[in-house]
Amino acid sequence: MSRKRHRLVSETFGLKRRRERGDGEADPLRGESGSARAAVAELVRLFPRGLFEDALPPIALRSQVYSLVPDRTVADRQLKELQEEGEIRVIQLGFDLDAHGIIFTEDYRTKVLKACDGRPYAGAVQKFLASVLPACGDLSFQQDQMTQTFGFRDPEITQLVNAGVLTVRDAGSWWLAVPGAGKFIKYFVKGRQAVLGMVRKAKYQELLLSELLGRRVPATVRLGLSYHVHDLIGAQLVDCISTTSGTLLRLAET
Amino acid sequence: MLGFLSARQAGLDDPLHLRRAESTRRVLGLELNKDRDVERVHGSGVNTLDIEPVEGRYMLSGGSDGVIVLYDLQNSSRQPYYTCKAVCSIGRSHPDVHKYSVETVQWYPHDTGMFTSSSFDKTLKIWDTNTLQAADVFNFEETVYSHHMSPVATKHCLVAVGTRGPKVQLCDLKSGSCSHILQGHRQEILAVSWSPRYEYILATASADSRVKLWDVRRASGCLITLDQHNGKKSQAVESANTAHNGKVNGLCFTSDGLHLLTVGTDNRMRLWNSSNGENTLVNYGKVYNDSRKGLKFTVSCGCSSEFVFVPYGSTIAVYTVYSGEKITMLKGHYKNVDCCVFQSNFQELYSGSRDCNILAWVPALYEPVPDDDETTTKSQLNPAFEDAWSSSDEEG
């Protein structure tokens, strides 16, 4: 019995046509090609904790995970598995429908407890973290879910909103949120525009990645150039072209 | 390749295995070829293309000026260099020509004696190919965006028509009038498509972000409204049951009819299981789409892993359907590409764009072994590529 027969046709004709990526090590940002968990762990290391005085848990974005795990469907599936296992929480960041922040559940829990320490709403928040977080892995919560399944009363829900753990979505439903994330979102949006502007102002609207990382950081970019570059690549706002001098970032025309 | 051939010869492999392998290899090698051309007849953008399903030989194209042209794709000359000639056309001087832009043309699914065309002049015309006369006209109250006739129907001759109004009209060719109306959408219907598997299943896509699957025999509403979040309210920002976060522009069933692909103006393409309406959550990335009317894209047929060819700005993006991987971007047009069709017998792709060109994307073949005889190679060279310079180094 020939072993060759069992190889998939797509493997025979698809993968061999693409040349092996031998220059993965030379490029600092593109070396990772493993699982989504490893990608999130690496991105979490890029997050500047000191900027927020360690009050925010390290947030990675879904688009950044796409830049490290090239196959999007596989990345989505692995992130969903991590979400179902309860290892990460996915947060809706308000500025874009598709922008989801990814936080390790442990980090989220410790930081939220630290943020509400000694405040009047501490009790409601602790009850929320203990009962709702492990049970429901979704991005948002409905009114009947909160009152009936988890036994929260209206004043307690108002306390949770005041604490910043829940954000109002529409009448009777709330997004899960990170207390103090407003500053992060502001820096993120400004930083993203600034880095995109750096690429846009370059001649032919393209920049070598190594040159971009070596440039002077503009004042509006507080979260770090490599953090924003991962997000731009994953959100397909720039095209990543491999050249003999390294990776080139070109502004997407569309 | 030799492995596949010898396995087929020895009976170890199914013959279909080799055929699918070779089709896949050819599709992966699609590129523009200097030897293949389509005659340029249109004076304004090409909106729609359709290749007849019987032989795959004749192609119809509809343009923004209302002109419909019929091309013969078969290469019956012995030369490798071949231009697909226009056999006939319904030009501006024809008495029955559409007044405004032709949005959709389609061959009659069972033979090439008839074709249908719908246009912004609020009509759907049925044409007789041999006499090039309009055999019948259906008039509507609103502009027609799209129409489709079922490719597998034997018990009915219904043409589904999507117009600017929210109702899908079904016109019966036998009786010559609109037989019934499907209600359920709230804004204009941008694309309609019959299932290639069941003759009574119709999918419609509308600007209200919804895609509905209908069984036309049922009097009460639609069967399923596709929901991108698969019923999980936690992810939806507004009310659920939308297939996209913007207008839904294009619909295409896979060739076996088991899956449905939709594109929307939220720059996403989604793959759905057509039997239960579930979003398979395959992520194709950003599929740029700013077309205000329908986008006509197509799926390959007969390859081992099917490919979808989507117009992406002025290029055509090729993805594998079930894994979402982007294979390549076919660059060649000067302006936005509006439509593309796949010829499954030869694995060729034809695309029409607003720059009035129809381009033929042909699998890259092996270079022919050069003959020893000089004269034969010279005669195969296209006269346009021959230069008139003398080959000697001296002047004059």
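By convention in this document, chain letters (A, B, ...) are assigned in the order of the sequence lines, proteins followed by strands, and residues within each chain are numbered from 1. When reading the values below, keep in mind they use all heavy atoms of this one structure, side chains included, and skip hydrogens, waters and symmetry mates. Nothing here was measured: the structure is a model prediction, and the numbers come from that model.
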Would you say A/Arg109 has more than 12 foreign heavy atoms packed within less than 6.0 Å of its CZ?
yes
Hey, are B/Thr254 and B/Asp256 close enough side-chain-wise for a donor-acceptor pair under 3.5 Å?
yes
Ignoring hydrogens and angles, state whether a donor on the side chain of B/Thr242 or B/Gln228 is under 3.5 Å from an acceptor on the partner side chain.
yes
Which one wins on heavy-atom pair count under 4.5 Å against chain A: B/Gly313, B/Gly285, B/Cys303, B/Gly324?
B/Gly285
Mind checking whether B/Tyr288 and B/Tyr312 have parallel, tilted or perpendicular rings, split at 30° and 60°?
tilted
Please look at B/Ser323 and chain A and tell me whether the side chain, the backbone, both or neither of the residue comes under 4.5 angstrom of a heavy atom of that chain.
backbone
Quick one: salt bridge (Lys or Arg N to Asp or Glu O under 4.0 Å) partners of A/Arg153, sequence neighbours excluded?
A/Glu156
For chain A, which residues of residues 266-281 of chain B have at least one non-hydrogen atom nearer than 4.5 Å to it?
B/Arg268, B/Leu281
Residues in side chain to side chain donor-acceptor pair (under 3.5 Å) contact with B/Ser344, at least two apart in sequence or another chain
none
I need the full list of salt bridge (charged side-chain N to carboxylate O under 4.0 Å, His left out) pairs touching residues 282-305 of chain B, with sequence neighbours left out, sorted by first then second residue.
B/Glu103-B/Lys293
